[in-house]
Amino acid sequence: MRTSKLLLIIIGIFVMQSAFADDDYEKYAKATRDSVWAWDKPEFKSYSVPDKHKNESAVILALHEEVYATGNTKIRFTGGGILGFGLNKELTFRHIIRKMIKLNDKKALEDNADLEFKENDKSYGRNVSTLYKAVIGVRIIKPDGTIKEVDMSEAVSVTEGKKDKERNKKLAISDLQVGDILDYFYQEEGRIDYQNIPEQLFVFASKYPILSYSVHCELSKKLTNEYRLLNGAPDFTVSTNEEGDYVLDVKQTNIQKVTAEQWLSPLRQLPIIRLAVLYNSNKNIGKPATARKEGLYANLSSDKILEDAISVYNLSLYYTDAKQIDKQTKKFMKENPQADKRQLAEFIGQSLSVHMNNLNNVYYNTYISTLGYMMKRYKIDYKIGFVTSRFDVRSNETSSFYDYDPVLIANGDQVFHPNRYKYYVGSDSRFEGETAIVFTPKNYNNINFRDSKARSTFTLPISKVDQNVNKTSMSVKLADNNMLTLDIDRQTILTGHHRNGYYSGLILLQDWDAALEQWKGKKSELEILKEKNKTKDINAFEARYAEDQKEQKKTIEAEIKYYHDMDAKELEAYSFPTLGVTPDQPEMVYNVKYTLDGLVKRAGNNYILDAGKLIGTQVKLEDGTRDRTIDVYMSFPRGYEHEIKVAIPAGYKVENIKNLNYSIDNECGQFISSASVEGSDLVIKVKKVYKNNYEPANNWNKLVQMIDAANVFFGQSVVFKK
């Protein structure tokens with residue numbers, strides 16, 4: 001009898017888990033679609049577009065989102081306890097977004113012709129079981145009112161990795177045409193252990209006009225619900241349901257389109273509501289000691305959030321790091337007895353960053369606390385600060401301790417920030433020009449938040465254009481065996497923040513680590529294995545490295561396409577003479593040789609070379625973005641330099657080179673180019689500069705001048721005349 005009772009409990013547990021089982025998915029998906037398509041919302045039944053929007057590329061007729069969140073304690077398989085079952089606190093939520101959009105031209109059709117989504121996901125850990133499942137529904141509404149539901153079996157898998165693991169599904173929407181209305185929704189439902197649900201962002205802006213946008217949330221009173229309004233976003237109307245849970249509603253109509261698609265900082269520029277639903281009563285979920293209890297909180301003071309950040313990041317010293325860095329620092333001082341405090345601080349910061357690359361887990365507080373310990377040990381003045389990214393919220397509009405990044409300021413103005421597989425000039429480019437809130441620790445890294453005398457501000461410096469240069473030297477020749485093919489030998493030298501952009505992803509981590517070990521005066525992993533004569537481990541390392549090199553070749557081929565917007569005919573060779581990841585080799589140097597078709601055309605006995613395209617693809621302004629009305633947030637001040645030597649074929653002369661001479665130079669940007677014949681070469685020199693990392697909207701026209709000049713140059717050709 002006792003056995004039967006236990007069996008019934010086990011059966012009941014597995015029945016509870018089967019709610020998320022794959023076998024029930026089709027039934028679940030059909031019920032979800034039936035429910036959504038049956039919504040009684042008038043905005044989804046009105047298909048007309050106001051006359052003022054007739055010429056828009058597309059118009060969002062209706063947009064609606066719903067969020068439901070509850071927290072419960074359930075019996076579930078946990079991997080421990082009797083028979084592996086136990087009580088687990090879990091957070092269940094459902095998020096649905098439905099959009100109905102009228103497609104007025106070919107561009108809008110192309111931008112909305114396919115959808116990518118994930119049907120389900122799961123992750124497991126110790127006593128953790130997180131499950132997600134999702135449903136998508138798509139309908140096409142024809143101009144005559146006919147409604148056609150798209151068959152979701154047409155979706156195909158999108159795979160990634162060596163084992164072709166499914167990343168997502170992709171649906172190409174067949175029979176979608178200009179003039180149609182696309183009506184689709186995406187619903188995600190999750191059951192989460194020991195985590196909070198992802199932050200919800202409700203954005204009251206789009207590149208298309210929105211006729212109606214509404215949000216409805218039902219949030220458990222047992223959860224900690226926090227939201228903040230940004231940039232003039234409308235506020236929720238708050239009520240409660242029969243269970244006493246919070247009901248939040250907001251609706252806005254006739255939202256004008258945003259006249260910009262690039263160089264945005266959305267959390268600083270667009271009307272957004274940020275909603276965080278936190279299971280703070282679950283003791284197994286990490287949280288600040290200052291975290292709020294259950295309830296609803298709107299627009300909390302940023303001081304509250306800063307106190308959360310200090311609570312999270314102000315942890316004790318990671319002694320292992322300190323001992324190793326201390327040993328390296330003593331050696332540095334012995335070898336450099338004339339080093340001043342600034343040089344010493346720079347060495348300590350760089351040494352710790354290098355050491356962090358070798359750790360599996362890198363915590364910001366570990367870096368900052370260890371660095372602070374070392375600064376104190378070597379009597380270097382320092383402060384600990386908290387700053388927000390230029391592409392995140394302003395420091396007085398924070399909602400989560402994650403919004404803050406810790407920094408250490410040494411000797412008054414030297415900025416240190418933890419990073420992994422990166423090497424910076426000063427601070428992270430995301431923080432340049434931002435104002436950090438800094439504290440002078442009282443008793444070694446012990447921040448007294450309420451001590452106003454210990455609190456001040458510090459504006460992080462902005463790097464200069466000449467510190468961030470992408471310099472390209474290129475030798476080009478029309479191939480001997482086929483003059484429609486170009487032989488290209490290109491070298492790119494990157495300094496400053498450019499090294500941490502697209503090109504740093506070309507470097508293999510094994511090579512990166514080996515360079516760091518060499519800088520520290522230590523042996524690489526492979527050298528150590530060879531010394532120990534561990535044949536099996538050596539073979540395994542070399543096999544992994546060979547596989548990674550195959551992938552690296554693919555990334556190099558992708559870089560060529562990224563540069564030219566066309567595939568190489570053949571990749572012949574590539575190398576990295578210096579990686580730019582250590583202080584003694586601050587430049588990243590990348591060499592690549594390849595052949596390319598598509599830039600040369602034959603015209604009788606002559607050949608036309610699209611010479612302008614040799615500087616690589618340029619920023620293009622989409623229709624409707626030339627009259628920008630919001631400010632411009634760019635990555636960092638930066639320069640691009642090109643020196644291109646094109647061998648003039650024997651028996652030919654070059655014409656039209658005057659078309660390659662341009663000169664635009666204003667307070668925002670610069671585009672200067674020249675072309676001349678030097679011996680048997682056509683030499684093209686180009687300099688393009690973005691002088692600042694931020695421009696107010698009223699300077700946009702000056703940036704446009706430079707962008708337009710670059711694009712006109714990009715379209716120019718020269719003629720090799722027989």
Side-chain angles (χ1 to χ4, degrees), residues 469-480 482-495 498 502-503 556 559-575 577 587-601 606-619 638-650 652-664 669-690 706-707 709-721:
V469 178
N470 178 324
K471 186 175 182 178
T472 297
S473 301
M474 183 185 294
S475 295
V476 182
K477 179 185 176 184
L478 278 66
D480 294 332
N482 180 3
M483 292 182 68
L484 298 179
T485 295
L486 295 179
D487 292 330
I488 296 177
D489 189 346
R490 172 163 56 97
Q491 181 181 80
T492 300
I493 301 175
L494 301 121
T495 65
H498 273 303
Y502 177 86
Y503 286 91
I556 300 298
E559 186 277 332
I560 296 171
K561 185 171 184 178
Y562 168 80
Y563 186 93
H564 291 288
D565 197 23
M566 61 178 67
D567 292 313
K569 181 179 180 181
E570 181 183 0
L571 171 59
E572 297 179 351
Y574 64 89
S575 63
E587 294 181 339
M588 177 183 172
V589 181
Y590 162 57
N591 295 332
V592 61
K593 292 180 68 175
Y594 51 95
T595 59
L596 196 70
D597 282 344
L599 295 186
V600 181
K601 302 178 185 67
N606 304 325
Y607 291 90
I608 300 172
L609 169 66
D610 292 335
K613 292 183 173 60
L614 292 173
I615 65 170
T617 55
Q618 298 296 300
V619 171
R638 60 208 184 277
Y640 300 84
E641 298 178 7
H642 299 264
E643 182 170 330
I644 303 167
K645 293 184 178 180
V646 183
I648 301 171
Y652 288 80
K653 63 179 180 179
V654 61
E655 295 183 345
N656 290 2
I657 65 173
K658 289 191 294 184
N659 294 340
L660 297 175
N661 296 313
Y662 289 87
S663 182
I664 296 291
Q670 183 183 81
F671 185 85
I672 298 174
S673 64
S674 65
S676 61
V677 175
E678 298 180 11
S680 60
D681 292 330
L682 167 64
V683 179
I684 303 169
K685 295 181 180 180
V686 177
K687 186 175 183 180
K688 181 180 179 182
V689 171
Y690 295 92
M706 184 265 284
I707 294 169
N711 277 286
V712 172
F713 177 93
F714 183 77
Q716 295 301 316
S717 302
V718 296
V719 177
F720 293 116
K721 191 171 182 180

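Throughout, residue positions are numbered sequentially from 1 according to the sequence presented.
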Handout entry: Check against salt bridge (charged side-chain N to carboxylate O under 4.0 Å, His left out), E559 and R490
Key = CA-CA 12 Å; E559 186 277 332; R490 172 163 56 97; 3.0 Å; yes

Handout entry: Evaluation steps, side chain to side chain contact (heavy atoms under 4.5 Å, CB included), between V718 and V646
Key = CA-CA 11 Å; V718 296; V646 183; over 6 Å; no

Exercise for the section: Test F671 against I707 for side chain to side chain contact (heavy atoms under 4.5 Å, CB included), laying out the working first. Expected result: CA-CA 8 Å; F671 185 85; I707 294 169; over 6 Å; no

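The shortest side-chain heavy-atom distance between K687 and Y640 does not fall under the 4.5 Å cut-off. Residues L486 and L609 have side chains in contact (heavy-atom distance under 4.5 Å, counting atoms from C-beta outward). Side-chain contact between F720 and V600 is absent, with no heavy atoms from C-beta onward closer than 4.5 Å. Using a 4.5 Å heavy-atom threshold, the side chains of V476 and L599 count as separate. In this structure, I488 and H564 have side chains that are in contact, with non-hydrogen atoms separated by less than 4.5 Å. The shortest side-chain heavy-atom distance between Y590 and I556 falls under the 4.5 Å cut-off.
Separating the OG1 atom in T617 from the OH atom in Y562 is a distance of 7.0 Å, to the nearest 0.5 Å. The line from CG of D487 to CD of E570 is 9.5 Å long, rounded to the nearest 0.5 Å.
Shown here are the side chain to side chain donor-acceptor pair (under 3.5 Å) partners of K601, two or more places apart in sequence or in another chain: D610. For N591, the side chain to side chain donor-acceptor pair (under 3.5 Å) partners at least two apart in sequence or on another chain are Q491. With sequence neighbours left out, H642 forms a ring-ring contact (aromatic ring centres under 6.0 Å, His included) with no residue at all.
Atom CG of D565 is surrounded by 12 or fewer heavy atoms from other residues, nucleotides or ligands within 6.0 Å.
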